[in-house]
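Residue numbers begin at 1 in each chain, while the letters A, B, ... track the order of the sequences.
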There are 2 protein chains.
Amino acid sequence: MEGWSSTHVSSRPPHRQNTRPTMRDVAERAGVALVTVSRVVNGVGTVREETAERVMAAINAIGYQRNELARSLRPGQNSMTIGLLLGDLTNPFYASLAKAAVEVANRAGYAVLLSTADEDPEVERRAVGELIGRRVAGLIIVPDQGDHAFLNEINGHDHVPIVFVDRPATGAEADVVLVDNEDGGRKATQHLIDQGHRRIAILGAPSYYSTGRRLRGYRKALRRSGITPDSNLVVTLRRGTTEEASAATHTLLTSADPPTAVFSTTGFLTEGVLRACRQLQTSVAIVGFDDFKLADMLPTPVTVVTSDTEELGRHAARLLLDRIDGDDAPSRRTVLPVQLIARGTGEIGTQ
Amino acid sequence: MEGWSSTHVSSRPPHRQNTRPTMRDVAERAGVALVTVSRVVNGVGTVREETAERVMAAINAIGYQRNELARSLRPGQNSMTIGLLLGDLTNPFYASLAKAAVEVANRAGYAVLLSTADEDPEVERRAVGELIGRRVAGLIIVPDQGDHAFLNEINGHDHVPIVFVDRPATGAEADVVLVDNEDGGRKATQHLIDQGHRRIAILGAPSYYSTGRRLRGYRKALRRSGITPDSNLVVTLRRGTTEEASAATHTLLTSADPPTAVFSTTGFLTEGVLRACRQLQTSVAIVGFDDFKLADMLPTPVTVVTSDTEELGRHAARLLLDRIDGDDAPSRRTVLPVQLIARGTGEIGTQ
DNA sequence: TTGTAAGCGTTATCAA
DNA sequence: TTGATAACGCTTACAA
């Protein structure tokens, strides 16, 4: 009853849904076998010049384009797609990270599946699942807090390399690309000390990795200068929003024994500090972690410590591509340098 | 010679490369047929409670996860992936667009392939090819200048819906989601007129769609107020960078008959105008198109006309998903409203 | 309720 | 140099 094996079926079965032309269509049109088309498309094996031309003509005529999904189904092929999992793109930090990573990946022929897991471990877990389900060849992740042990299976047993960016993931062992948070904290604080400040407050987001390291740098700088840390000047916010930072600054500056300087450890927080100052019509010395646009255009240009965020993304992508290409050396930890840009707010002296 | 049809092959062929477990692995472990696993995973057909539990147990035991790539190879299935093609993510406009689109898509179960084609038509064309090769179910594109007729085939014959954002594509017919550029231009200019200005310059990026419409609004507002347009006050930059805008502003303000107000038609340009003013230690009245962070914190807070960029992205994504779901009504053009936010620079009077 | 078989578009293997 | 065939992991008919 099956006619298909004896009769040469020249046209598509009627129930066909996917409408894009396939190698079979090209082959029919060029009057060659399907496998010959494959050889031409991939430039492997041997095909007579004239045959190849006929195939190419057919390809152009019907607008054939290789189906990468089918291709990656074959053993030994990867999907030529990586996954990128990070926070809110509205945060310029994540935006430049993404920009740079996409650039490197695309240039190497990889597509990028972008997913944003906004600080929610459960969302993050689901997102990773979606990406793995699409068989990404590797993952770049800015990990949230919370246990990431579930990634070890992916990275290890499943051989899907993972690179963490900006902070390591607790419970998971993989490559990490970081900025030198501790040195940044130290540099920011030291700069304020150099301007004569001794009562220096630090504003931190919740106990993320970065905040902890920046705080450590802050403490080291104080200790080195013989300044006794005042725990009233160490403020850890609950969520790390601009509004919280603004409120906290308000409290600090209107307290009995206010600080003369503030080290704010993220871009959002710096904005909050600035807004509070404006509202109070005061100014304190400020150094922020992370540079931001127009920082130099504000009434008092803002002094910051910063690192090259795009380089962070580029490096992560390059590292991941190396891993995908088979580099199986032990996990690497890269730390990018941080530099201070003095613009004004950090140079406001004590009275 | 083929033993495979008579002998029950219970273990994997040795040359296996992809190491993730498959339905076959689950089936073996649960002692059922592969198709039963499929039924359980997809919740279709009928499976006895007890059998389903055995299958689920096996799935959890070996950490099975459905291969979406293989799945989407079947007729009538789509890849559950859309493509997003836009400009430099460092531009907050694109970043919010992407954020919103990704959010909507993910929530609907779609993954997003992100590609950035930086104002280069050839790069854009290649990027579209890569996305189509991965069989995206739809495309959201912020089109560059240049002919986009090649997209008609994709949108029409191949049934891959396309939604253009921020500007229509020349030569291609598809849904478009825009902001009301002309009204924005009109509102910005009218606001300056209302403050008493009559010599109002306009700074535009190259003749992109948006700039043209904003310019038209500018002209209409002038005409309506009986102001004769001065062509010396209409400046079209060659690339639209901040630096160019700064230089152009410098030229304008130091000319024999300088304008008393400037309408800058993009965020980058507005920054350039502000920098030039600072450098010259002058101030002119300014209204910018597109809001930006810290606009309200600058020495003179910046007046802008703006629309809801995230809504732009959300709307585009929702429209695309509708199309993917089969909505085949004629192409739609959505225009989002623009509002003016008066902050200071627009309210600087004449002398 | 469960299973067999065919096929989605591609590439690797082997034979002609 | 070219082609027939199996297989990648999955779902949809159809059969038991």
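For C:dT2, one of the phosphate oxygens OP1 or OP2 lies less than 4.0 angstrom from a side-chain nitrogen or oxygen of B:T51.
Within 4.0 Å of B:T36, counting heavy atoms only, lie sugar-phosphate atoms of the nucleic acid but no base atom.
The side-chain hydrogen bond (donor to acceptor under 3.5 Å, both in side chains) check on A:T36 picks up nothing, with sequence neighbours excluded. Legend: residues meeting salt bridge (Lys or Arg N to Asp or Glu O under 4.0 Å) with A:D166, ordered by chain and number and at least two apart, are absent. Here A:E68 pairs with A:R66, A:R71 under the salt bridge (Lys or Arg N to Asp or Glu O under 4.0 Å) rule; sequence neighbours left out.
With respect to the salt-bridge test (charged N to carboxylate O, under 4.0 angstrom), the residues A:E130 and A:R134 qualify.
Using a 4.5 Å heavy-atom threshold, the side chains of B:V163 and B:V177 count as touching. Using a 4.5 Å cut-off on side-chain heavy atoms (C-beta onward), B:F164 and B:I140 make no contact.
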Polar pairs (N or O, both sides) under 3.5 Å between protein and nucleotides 10-14 of chain C?
{"from": "C:dT10", "atom 1": "OP1", "to": "A:Y64", "atom 2": "OH", "distance (Å)": "2.4"}
{"from": "C:dT10", "atom 1": "OP1", "to": "A:N67", "atom 2": "N", "distance (Å)": "3.0"}
{"from": "C:dT10", "atom 1": "OP2", "to": "A:M23", "atom 2": "N", "distance (Å)": "2.6"}
{"from": "C:dT11", "atom 1": "OP1", "to": "A:N42", "atom 2": "OD1", "distance (Å)": "3.2"}
{"from": "C:dT11", "atom 1": "OP1", "to": "A:N42", "atom 2": "ND2", "distance (Å)": "3.0"}
{"from": "C:dT11", "atom 1": "OP1", "to": "A:R71", "atom 2": "NH1", "distance (Å)": "2.7"}
{"from": "C:dT11", "atom 1": "OP2", "to": "A:S38", "atom 2": "OG", "distance (Å)": "2.8"}
{"from": "C:dT11", "atom 1": "OP2", "to": "A:N42", "atom 2": "ND2", "distance (Å)": "3.0"}
{"from": "C:dT11", "atom 1": "O4'", "to": "A:R74", "atom 2": "NH1", "distance (Å)": "2.9"}
{"from": "C:dT11", "atom 1": "N1", "to": "A:R74", "atom 2": "NH1", "distance (Å)": "3.1"}
{"from": "C:dT11", "atom 1": "O2", "to": "A:R74", "atom 2": "NH1", "distance (Å)": "2.1"}
{"from": "C:dT11", "atom 1": "O2", "to": "A:R74", "atom 2": "NH2", "distance (Å)": "3.4"}

Which atom pairs, one a donor and one an acceptor, fall under 3.5 Å between side chains of residues 50-58 of chain A and the rest of the protein, sequence neighbours left out?
{"from": "A:R54", "atom 1": "NE", "to": "A:A30", "atom 2": "O", "distance (Å)": "3.0"}
{"from": "A:R54", "atom 1": "NH2", "to": "A:A30", "atom 2": "O", "distance (Å)": "3.2"}

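Of the inter-residue distances, the one linking B:L131 atom CG with B:S115 atom OG reads 5.0 Å to the nearest 0.5 angstrom.
Distance B:L69 CG to D:dT11 P: 13 Å, rounded to the nearest Å. Rounded to an integer number of Å, the gap from CD of A:E28 to P of C:dG9 is 12 Å.
The stretch residues 54-61 of chain A has no heavy atom under 4.0 Å from DNA chain C, so no residue of it qualifies as close.
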